[in-house]
Amino acid sequence: MLTGCTPWPQEFAQRYKSAGYWPDMTLGDLLRRSADSFGPEIAVVEDDRRVSYRALDHRVDRFAAGLREQGINAGDRVVVHLPTTVEFIVASLALFRLGALPVFALPAHRSTEIVHLCRMSDAVAYLVPDQFQGFDYVALARVVQQSCPTVRTVLVSGVSSEYTAFADVDADPVDLPRPDPFDVALFLLSGGTTGLPKLIPRTHSDYIYNATASAELCGLDQDTRYLVALPVAHNFPLACPGVLGVLATGGRVVLTNNPSPESAFALIEREKVTMTALVPPLAAVWTEAVEWLEHDLTSLRLLQVGGAKLPVEVARRVEPALGCRLQQVFGMAEGLLNYTELDAAEDVILSTQGRPLSPADEIHVVDDEDKDVEQGAIGHLLTRGPYTLRGYYRADEHNKSAFTDDGFYRTGDLVRLTATGHLVVEGRVKDVINRGGDKVSAEEVEEHLAAHSGIREAAVVAAPDPIMGERTCAFIVPKEGKAPDVRTLAAFLSERGVAAYKAPDLVRVVDTLPRTGVGKIDKKALRLQVSES
Ligand code: OOB
């Protein structure tokens, strides 16, 4: 396995293979198999573009050959920073076929995050759009290349006079050595526990299982029309079952970068979309928008909601408003996925976050000493299984505390297990703010704030929010003079090249921060302060 990654112990690998969880297949093979079975069918729709399975397969072969001409080889890491487009799908599948490893960044990421990802992965290439939502990604690429000497190649989806455009990443298909299905195929980003995001290695085989087992559970078939409404580089729309699950089954993927009800409802009507995946704030907006928007949503059969806790009042509105079934999804880029079953009892669908996807998923709900709590009590969720990582990439020190000695991943989530074996998420211990599905590491934001000339000390906690679930609240001890406000801090973080969603939503100016007995900042006390006001 790729150095810097922790393989599953032999005995587990053997077991997962012989029990059929790990197919002897690469993500490149997966598309080839679908192209052979569903060739002329439409695989992907984006605006007026309709790409068949056969055409997608050809384009991926040509792009893979083109990447090789650009000097990108098997084992190389490539930071992929593309919005939800056909090009994202082509580039990713071509990298899989080549055996080069995409590192999937989110469109909102900026120089600080991208430089970190390039350095962590020693990326040799960086893939960007020319521009997206008013932001110049080519200018960003220049900055990234200056800071990361390993990044030899920048490829631009769209127009570029400076770098090679995707249209020129095109060569006659060549025979490429097949990557090892049991080796790492891609890197996802952790929601952040401490500081900057960690890289999560996923193998071809484990990720195929992730997508295809999810596809089966969600009842995907050739008639599925899946709307990608969340950024496609995120695990949820990518593989839960998402794009990869649909492409494995012969259904159709419909792409959009605009999940607003105005735009998405029109697409659902036009493309007869049967399912999609949303985060809770979007699900809430959609259920309200049906009151003023008149679109035919009768094709919609399933709405998946996950990424953050879905309030039960919103859950209740889904079926009557949108005329489709709700599925709660409690997942993580690290692996473990929990789904409510399509035929689960109503109270299970409304008030739990589902059950582990795989019979081979092992979970424990434990106390602070790692002892199992009584059935039904709240505890820390630990998990291991055929598609859950055994270690973050190049993070030996962090791995010591993120995993138990016997390889269970400490999710940082507080859960309880119901009598039916479903999980209810009750909170978390990791120092992360879950801003409607976007994860913000408190420590990361605190480090940026501490660099502001007007701030002596800062602590960041989650503030409850009726729409987002949580928002980011910064407690600030100012130096002499006027303390910076929300707008000043947003501008400051933006100047530092930090994604906009990490800027504090609220600022509280205080004289001192409360401390615990051992002198650490007392975040519990701070959380209490924000929730009481
Ligand atoms: C998904 O993945 P990540 O990696 O962005 O975030 C994982 C974390 C979980 O550990 C948990 O804290 C939170 O997000 N979370 C939920 C949740 N789904 C995720 N908390 C409460 N209720 C839920 N339904 O967020 C993700 C990955 C794959 C599928 C769906 C979501």
Side-chain angles (χ1 to χ4, degrees), residues 104-106 108-109 187-193 197-200 202 206-207 210-211 213-215 217-218 228-245 275-284 303-312 314-315 318 326-340 348-358 361 363 378 380-383 387-389 392 402 409-416 422-442 462 468-470 499 501:
F104 288 119
L106 297 174
H109 287 147
F187 291 97
L188 299 175
L189 311 188
S190 77
T193 40
K198 304 265 178 311
L199 297 186
I200 298 165
R202 303 292 303 255
D206 99 63
Y207 214 46
N210 187 110
S214 298
L217 184 133
C218 296
V228 182
L230 299 175
V232 66
H234 191 276
N235 186 35
F236 190 10
L238 185 57
C240 307
V243 171
L244 294 174
M275 74 177 286
T276 189
L278 298 177
V279 289
L282 274 173
L303 177 67
Q304 300 183 287
V305 182
K309 179 105 177 218
L310 179 65
V312 66
V314 181
V318 169
L326 167 69
Q327 177 182 60
Q328 295 214 37
V329 187
F330 163 38
M332 52 205 77
E334 283 79 358
L336 179 71
L337 301 172
N338 304 277
Y339 294 97
T340 57
V348 167
I349 293 180
L350 295 181
S351 54
T352 83
Q353 280 64 60
R355 196 151 55 176
L357 169 65
S358 174
D361 283 323
I363 58 170
I378 297 175
H380 306 271
L381 176 65
L382 310 183
T383 186
Y387 60 101
T388 296
L389 86 174
Y392 292 99
Y409 166 56
R410 300 182 189 276
T411 65
D413 292 312
L414 293 171
V415 302
R416 83 187 144 79
H422 293 83
L423 290 168
V424 178
V425 181
E426 297 284 2
R428 79 181 82 89
V429 290
K430 51 191 169 191
D431 203 3
V432 167
I433 295 99
N434 190 338
R435 218 171 151 273
D438 281 336
K439 314 304 186 303
V440 179
S441 153
M468 301 295 280
E470 294 175 8
Y501 68 86

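Numbering of residues begins at 1 and proceeds along the displayed sequence. Start at 1 and go down the list; that is how both ligands and their atoms are numbered.
K439 NZ, 3.1 Å is the protein heavy atom nearest to atom 25 (O) of ligand 1. In this structure, the protein non-hydrogen atom closest to atom 4 (O) of ligand 1 is A333 N, 2.9 Å. Scanning the protein for heavy atoms near atom 12 (O) of ligand 1, the closest one is D413 OD1, 2.5 Å. Summary of contacts: the protein heavy atom closest to atom 7 (C) of ligand 1 is G331 O, 3.3 Å. Counting protein heavy atoms only, atom 15 (N) of ligand 1 is closest to G307 O, 3.4 Å. Of the protein's non-hydrogen atoms, the one nearest atom 30 (C) of ligand 1 is F236 CG, 3.5 Å.
Contact annotation for V329 and ligand 1: heavy atoms of both the backbone and the side chain come within less than 4.0 Å of the ligand. With a heavy-atom cut-off of 4.0 Å, L188 does not touch ligand 1 at all. Contacts between M332 and ligand 1, counted as non-hydrogen atom pairs separated by less than 4.0 Å, involve both the backbone and the side chain.
Atoms of ligand 1 found under 4.0 Å from any heavy atom of N235, numbered from 1 in the order shown, are 27 (C), 28 (C). Within ligand 1, the atoms closer than 4.0 Å to a non-hydrogen atom of L337 are 28 (C), numbered from 1 in the order shown.
Side-chain N or O atoms of E334 include none that pairs as donor or acceptor with a backbone N or O of T388 at under 3.5 Å. For the pair Y339 (side chain) and Q304 (backbone), a donor-acceptor distance under 3.5 Å is absent. Formation of a donor-acceptor pair under 3.5 Å by the E426 side chain with backbone atoms of I378 is not found in this model. The main-chain N or O of G307 is found under 3.5 Å from a side-chain atom of N434 such that the two form a donor-acceptor pair. Under a 3.5 Å cut-off, the side chain of Q328 and the backbone N or O of T352 do form a donor-acceptor pair. At distances below 3.5 Å, not a single donor-acceptor pair connects side-chain atoms of R428 with backbone N or O atoms of T411. A donor-acceptor pair under 3.5 Å is formed between the side chain of S190 and the backbone N or O of K198.
The aromatic rings of Y409 and Y392 stand perpendicular to each other, their planes meeting at an angle above 60°, with 30° marking the opposite boundary.
Of the options Y409, Y339, F330, the smallest heavy-atom separation from atom 16 (C) of ligand 1 is shown by F330. When the heavy atoms of K309, R428, Q328, E426 are ranked by distance to atom 21 (C) of ligand 1, first place goes to K309. In this comparison of G306, G191, A308, S214, the heavy atom closest to atom 23 (C) of ligand 1 sits on A308.
At a threshold of 4.5 Å between non-hydrogen side-chain atoms, the residues M332 and D413 count as touching.
The shortest heavy-atom contact between L189 and A105 is CD1-CA, 4.1 Å.
Put simply, no part of Q304 is less than 4.0 Å from ligand 1, judged by heavy atoms.
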